Every structure is written in C-alpha cells, then in structure tokens.
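What follows is one structure encoded as structure tokens, with my remarks underneath.
Proteins get letters first, then strands, A, B, ... in listed order; numbering begins at 1 in each. The model shown is predicted, which means the values in this text are computed figures rather than measured ones.
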Amino acid sequence: MVLITLPDGSTRQFDGPVSGADLAADIGPGLAKAALAIRINGEMVDLATVIEEDSNVSIVTVKDEDALELLRHDCAHVLAQAVQDLFPGTQVTIGPSIENGFYYDFAREKPFTPEDLPKIEARMAEIVDEDLPFKRSVMDRNDAITFFEGKGEAYKAELIQDLPEGEEISLYSQGDWIDLCRGPHLPSTGKLGKAFKLMSIAGAYWRGDSRNAMLQRIYGTCWPDPKKLKAYLHMLEEAEKRDHRRLGREMSLFHIQEEAAGSVFWHPKGWTLYRAVQDYMRKRLDDAGYVEVNTPQLVDRSLWEKSGHWEKFREHMFITEVEEKLLAIKPMNCPCHVQIFRQGIKSYRDLPIRMAEFGSCHRNEPSGALHGIMRVRAFTQDDAHIFCTEDQITSETKIFIDLLMSVYKDLGFDEVVVKFSDRPEVRAGEDATWDKAEIALTEATAAAGLETILNPGEGAFYGPKLEFVLRDAIGRDWQCGTLQVDFVLPERLDAAYIGEDGEKHRPVMLHRAILGSFERFLGILIENHAGRFPLWLAPVQAVVTAITNDHDEYAQKVYDTMKAAGLRCEIDLRNEKINYKVREHSHAKVPAILVVGGRESENNTVAMRRLGSQQQEVVALNEAVAKLRTEAAGPLG
RNA sequence: GCCGUCGUAGCUCAGGGGUAGAGCACGUCAUUGGUAAUGACGGGGUCGGCGGUUCAAUUCCGCCCGACGGCACCA
C-alpha cells in the first residue's frame, strides 16, 4: 500500500508502487497530458519515477516555475544531440539551464559559425517532432568511464572521474543519443515544444579556468510557449534601445575612440550630467561630515611598494619612467589618503576622519574586459576613507549605509541587495581582529535594518567587505557601492593616532564608495532612465521655440528668463514647422518644450509640453519658471 | 588575455577584383506653418591601419588596431 498526499491535502491510496505518470492519470486525463515531472517530498524527479513509499507528491506542469528549468535543460540536451548529428566528432561537455535559457559547451577543432545556428535549430525541431522519450538508466562508475571513453567523450569521462567512488551514475537517452546527466527530464522531446532559439556562439574555458582548453559554447533561449519567447525577444530589443553606448551617441553624451581605448571623451551634455551627479554627491558628502581632498596622479614606486600594490597589483598599473625613477599612475586613492592623514599628529579626538576624493584612477584592464563606459581604464571613483577606531566601525558603517541608501533612492534606485564577504583563506591580520571586524559589520547591517547575503571567503585580504548591488528599471543587477574594513594598510603605511592613554594606536580604515565609479554609474543611470532623465539630471532641461519667426523676440525673452533662473535651457529659432521641432526635441529627450506664438507673447505665457505627454499646458511664464526651478533643484531642494 | 563575429559617409546599412550607393543627418534656396518628419537642389568617403597576391585590391590573403558577443579578470 502506498499513500500519496497531494498539495491540496487530499490523499490517494494505491495497492503498490505507482509511477508519477500513473498518479497523474489517476487524478485526471487533463493532468496526465500536462504532467512534466513530479516532486516527491519536495524533490523534483522524472514523471516516470516509481513512488515506493507513502509520500507527499505534487505534479509539475508547465505552469510550475521549476518546469522552466527542466524545459531549458532538455533543450540543451536536444541541442547537443542536434550538434552531434550534424557535426560528427564533436565532444559534449556540460549544458545547464541558466537565466532565460541554457547553453551547451562543445569540444570541437573547428568553431561553429553563425550560419550553423539555423541548421542546428532545424535539426532540433526535427528531434522535437520525433517525440523521443527521455529514458533514465544507471551505470556503475567505472563502466561509465569506460563507456564514455569508448565513445571518444574524454570530457564526460573526466567529469565522471571526479564524482565520488561508488556513486551511481545516471544517464539519459533520447532515441539513440545518450548523455551523462543527473536529471530530471521531461517525459519526451515532444513536450519541449518549439519556443526556443539559438542566440549566440562564444568561447568558454573548460571548467571556467583560463588555463584549460577553450570550448565552443552555444547559447539558447527557451520558453513554454511562442508568446513568451516573443516577449523575451522583444524585451531584448527594448534593452538594446536603452544601451548606454547607443544613447551616449544618440544624445551626444560621450564617445570613445580607438586612440584612447578604455577612456571616455565626455561631450558637453554628458559632462553636464556628470557634474549634476558630482555636485549632488559633493553636497551629500559635505552634509555627512566628509572632508574633500585631491591627491597626485603620479606616485613613486616606493609608496606602492610600501602599500603592497607593487607586489599584488602591479600588472594592472600603468608605470612610467621619469629621470630613472619609476612612477605609477595611481590605480587607487587609499595610499595617498594615508599620506594626508599622516601629516601632523592625530588625536583620538580627531577621529573619525572621513576623507573623500573624486579620485581619478587608471587601471590596465584586460582588453576583453572593456565595455562602453561601464568598464574602462580611466575612471573616477567617489572614493573615501574613514579613519576611525575599532570601536567606531559599527557606528561608521551604520552611518555609511544610511547615506548610501538615501543616495540610491534619490538617484532612482529603490531595490538594493547587500552582500557580505567574510574572511578569505589567504589573509592578513589576526583571527581575533577578523572576528571583531566581522562582528562590527554584522551589527551595523543589522542596526541599519538590512538583510545580507553571505559571500563566504570573498572578503579582501585585509578585511571583510560589504557590497551593494542595485537593481535597475528592467531588473538587471549592478554592483556599485562597497565598504571594506582594513586593518592592514594603516599598519603598512604607518598611520597612527594618539589615544586617550597617550599611546600611539593604529586607526582602522574603512574604504567606501557609493557610486563606485562615475563612468560606470552614469552608464547605469543612462540605462535605468533610458535617457529620459528627471529634470534635475537632464543635460538640457528645457527648449524654447516659437511657432513662427514673428515670435522670436518673445521666445528670446522666455529663454533669458529661464537662463536667469538657472535652468539649463536652449532656444530653437530655426525656420522649421512646430511639428518638426517638437518631434526633434522629443527625440532628444528634453524634459520640457516651451512653445510660444501670438497668444503666448500677448499674454506673457508659455505652452509647456512635458516629455512623454501628448498635451501641453498654457501657463504664465513666471509660473512655468517657478515650477521648473523647483523641480530642477532635485532631491536636495 | 582567450574564442568567435564585425570594421564602407556624422548615424543605420547595402554593395563588390576595374578608384562606391541608399535612407536619415548636414548645407543652400523657397516656404512662416499651433505641438512627433514642408519641398527642391547640393556637399560629403585614402571603404580601420600596414604588408602581400594581381595589369588592377575597398573587394582575395596575412599581420596589427579597435568594437561587439561570451569566457577569464573586476585586485
């Protein structure tokens, strides 16, 4: 007797062991058809799995979130079969489901070409039409190794080799194609449907290690139905439209050119945006008790040796020679900030010192890592170092987190995830010190009411860190802020303060950034707003234009009034139709268009049209200016 | 750095062994039009760079640079 409890609490009794498929059929023919897998006591297994004991069982259908993962994993298998059918001699390796799809890594002498993808897709569709059942079988570990080696599948054999001795190896077959796989799978390839698409080809190192061979990866996307596939492809198109590189060009914010790969040429409009963010940050830091400094770009090797950068970071540093001395362009600001701290004698009464710099840094990033303005070689951090006592770590962290959250909110980001990285295996400092630092950070995040995700062993060698990840308007995650506790650098660079006891003590340094780098953050900001910035950030806040040239004089008066009120305004007196001008300035994403004609000039009004609206509002000039001015003041009022 | 793709006008792209083409943008002229494209005409290119093959290369081949999609990296 087997007693099965369903999710709604109802039970069904069977005379003996029963398969998932039989159970579904017993419940109803509709469900039998829709069933893709079952979950026994929470664990997802094949529909064909025989339930031997009394269990809680649920039937997984396409409506189930987890079904998507099955679907995508199956799609990867079908891809692998199609590839091996079409390209004999290609070895299979791994093919997991990932967000929005799946990939499969193949070992093959000759890389795939984009033209191969449609052919592979066509073969995949045939395999789906064949409706081949996925069949699970098990094999002894050694037999499995021999089996895959015999097939010339060296990578699979290596994977099995690494599984523990005595482990049962499961294999799945579809038709005469067979693969090592933990499962579970759908009942048959026909259940997969055809809402999939191969997206791209890429190189990927075997086991993610750059010392290993490079495999050929094929990425695909897969959905329960064609409608969802279409929606996903549409979302990709929309994301492309807000790509900061595209908007940067279209809106003339910045450009990058060959001769300065990895560095940004900021155009007037982009620089205006940059300054708006920088001015805002400067004000926030000032209010939060920071002092602002500025430190050298070129610093002698000896300082980098003392700080440890010469040893640990040299390959990322740009080094130059001047009069037989080696100088490095600073990749970080911290050693320089310690130099300022070291000037004069510091008392415990001076702490904490919150030293900020919009620090321009250069790092020699690998060419393949460069990406628009998001990953560059020359960038400016909103960097600061808080020199404090160990006792102040918790309170300073709490204050910092509150500041950071408030800044993100002002800039349009409400969702923030915090990662906590604790001690790595290779580290400097005593365990007792690490205990103290980790506890201090934990307490601070708790006091700030934050939940954190633990990133075990991912801390810096000198101390634990918090990483702040924000989610943008279309659900993408970006790591921006950070806070790192550092006991090592003050020691290496001999920073000290005089304590209450009259003795010298080491301060702790908190390395912290909110935006991370301006370049990267502005890239995120552009994409988050899709270029349609709130008025306080918009490079051009308003354009004044006239219906005909007869009203140019009044338009000029409106423009002058706007300028005098401190608004970033442009005037468009071109001899063009109003439709044309409205269209053009709307495309340029200007938040406010002020149109004036005979009626407006007579009444001292403007017809104001806000971006995104199809209508305009006629208001008194002084009223319009006052309104825009308030809005342009931004979150700081 | 590694694998792949790409590089033609300001932008988006077509073309192809015999010194290049479209749309938009730009300029000139006409037009003065009430809220998302007025019309006509015109200017504009060392076809990413350097070599090679060829009577002839933007086109074919090689190397280099850069961008893009990934991988690795993000200290």
Side-chain angles (χ1 to χ4, degrees), chain A residues 98 103 105-108 110-117 199-219 240 243 245-246 249-250 252 255-262 307-309 311-317 331-332 334 361 363-372 374-377 379 424 426 458-462 465 467 479 482 484 511 516-517 520 543 545-552 573-588 593-600 607-618:
Chain A
I98 53 171
Y103 67 79
D105 284 348
F106 300 95
R108 184 166 181 252
K110 203 169 156 244
F112 298 105
T113 67
E115 293 75 53
D116 292 333
L117 295 185
M199 303 298 284
S200 61
I201 304 159
Y205 296 110
W206 167 237
R207 298 195 152 176
D209 189 327
S210 59
R211 288 166 301 190
N212 290 341
M214 180 147 280
L215 306 172
Q216 301 301 321
R217 175 173 297 181
I218 296 179
Y219 279 97
E240 206 181 309
D243 187 306
R245 292 164 298 192
R246 176 177 175 150
R249 183 176 57 241
E250 286 176 358
S252 190
H255 86 269
I256 291 178
Q257 68 188 48
E258 276 193 39
E259 291 87 342
S307 70
H309 287 84
E311 186 198 343
K312 301 225 182 237
F313 204 66
R314 194 176 167 185
E315 63 185 83
H316 297 280
M317 290 161 71
M332 295 184 201
C334 22
C361 295
R363 296 181 191 176
N364 192 1
E365 302 285 355
S367 56
L370 302 180
H371 177 89
M374 302 274 213
R375 189 84 184 268
V376 285
R377 292 192 174 126
F379 54 93
V426 183
E458 291 294 311
F461 75 93
Y462 47 74
K465 63 181 175 188
E467 285 169 344
Q479 190 181 308
T482 181
Q484 303 169 13
H511 304 244
S517 92
R520 180 177 157 78
V543 170
T545 191
I547 302 283
T548 74
N549 292 123
D550 292 344
H551 313 109
D552 282 0
L573 298 180
R574 289 175 306 169
N575 170 16
E576 294 291 351
K577 289 190 175 174
I578 196 63
N579 288 299
Y580 180 88
K581 292 192 280 194
V582 164
R583 177 185 153 86
E584 203 170 69
H585 298 303
S586 298
H587 278 160
I593 300 173
L594 307 186
V595 176
V596 295
R599 298 200 289 272
E600 287 77 14
M608 180 157 67
R609 178 183 171 125
R610 300 300 305 258
L611 183 59
S613 164
Q614 301 296 326
Q615 274 132 38
Q616 47 281 341
E617 194 191 354
V618 178

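- The side chain of A:Asn579 contributes an N or O atom lying less than 4.0 Å from OP1 or OP2 of B:A36.
- Annotation: B:U35 and B:C68 have their C1' atoms spaced 39 Å apart (nearest Å).
- For A:Arg609 against B:A36, a side-chain N or O and a base N or O form a donor-acceptor pair under 3.5 Å.
- Comparing B:C65 with B:G49, their P atoms are spaced 15 Å from each other, to the whole Å.
- Atom NE2 in A:His371 sits about 18 Å away from atom P in B:C74, given to the nearest Å.
- Contacts of A:Asn549 classified as side-chain hydrogen bond (donor to acceptor under 3.5 Å, both in side chains), with partners at least two apart in sequence or in another chain: A:Asp552.
- Within a 6.0 Å sphere centred on CD of A:Glu259, other residues, nucleotides and ligands contribute more than 12 heavy atoms.
- Nucleotides B:U19 and B:A57, compared at atom P, are 11 Å apart to the nearest Å.
- For B:U12, one of the phosphate oxygens OP1 or OP2 lies less than 4.0 angstrom from a side-chain nitrogen or oxygen of A:Arg249.
- Whole-Å rounding puts the A:Lys577 NZ to B:G33 P distance at 10 Å.
- Nearest nucleotide to the side chain of A:Pro366, out of B:C71, B:G1, B:G34: B:G1.
- Rounded to whole angstrom, the span from the CE atom of A:Met214 across to the C1' atom of B:C71 amounts to 5 Å.
- Rounded to whole Å, atom P of B:C11 lies 11 Å from atom NE2 of A:His255.
- In this structure, A:Gln216 reaches the sugar-phosphate backbone alone: every heavy-atom distance under 4.0 Å involves primed, P, OP1 or OP2 atoms, never a base.
- Remark: the A:Tyr205 side chain and the B:G70 base include no donor-acceptor N/O pair separated by less than 3.5 Å.
- A distance-only check finds a donor-acceptor pair linking the side chain of A:Arg520 to the backbone of A:Gln479 [under 3.5 Å].
- At least one side-chain nitrogen or oxygen of A:Arg245 sits closer than 4.0 Å to the OP1 or OP2 atom of B:G69.
- One finds the CD1 atom of A:Ile593 at 8.5 Å from the OG1 atom of A:Thr545 (value rounded to the nearest 0.5 Å).
- When the side-chain nitrogen and oxygen atoms of A:Ser367 are compared with OP1 and OP2 of B:G1, one or more of them lie within a distance under 4.0 Å.
- Remark: the A:Arg375 side chain and the B:C73 base include a donor-acceptor N/O pair separated by less than 3.5 Å.
- Taking atom C1' on both B:G1 and B:C11, the two are 32 Å apart, rounded to the nearest angstrom.
- Each of B:G70, B:U38, B:U32 was ranked by its minimum atom distance to the side chain of A:Asn549; first place goes to B:U32.
- A close approach under 4.0 Å does not occur between any side-chain nitrogen or oxygen of A:His551 and OP1 or OP2 of B:U32.
- Of all non-hydrogen atoms in A:Phe106 and A:Leu215, the two that sit nearest each other are O-CB, 3.4 Å.
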Apply side chain to side chain contact (heavy atoms under 4.5 Å, CB included) to A:Ser367 and A:Arg377, showing your working. CA-CA 9 Å; A:Ser367 56; A:Arg377 292 192 174 126; 3.9 Å; yes

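- Note on A:Arg207 versus A:Asp209: no salt bridge recorded, every NZ/NE/NH1/NH2 to OD/OE distance being 4.0 Å or above.
- We find that OH of A:Tyr103 is positioned 15 Å from C1' of B:C3, with the value rounded to whole Å.
- Distances were taken from every side-chain heavy atom of A:Ala369 (C-beta onward) to each of B:A37, B:A72, B:U32; the shortest belongs to B:A72.
- Stem analysis of RNA chain B (at least three stacked-register Watson-Crick or G-U pairs, each with both distances under 3.5 Å) gives B:1-7 with B:65-71, B:10-13 with B:21-24, B:26-30 with B:38-42, B:48-52 with B:60-64.
- Under a cut-off of 6.0 angstrom, the local environment of CD in A:Gln257 is crowded, with over 12 non-hydrogen atoms contributed by other residues, nucleotides or ligands.
- At a cut-off of 3.5 angstrom, counting only N and O atoms as typed in the model, there is no donor on one side facing an acceptor on the other between the side-chain of A:Glu365 and the base of B:G1.
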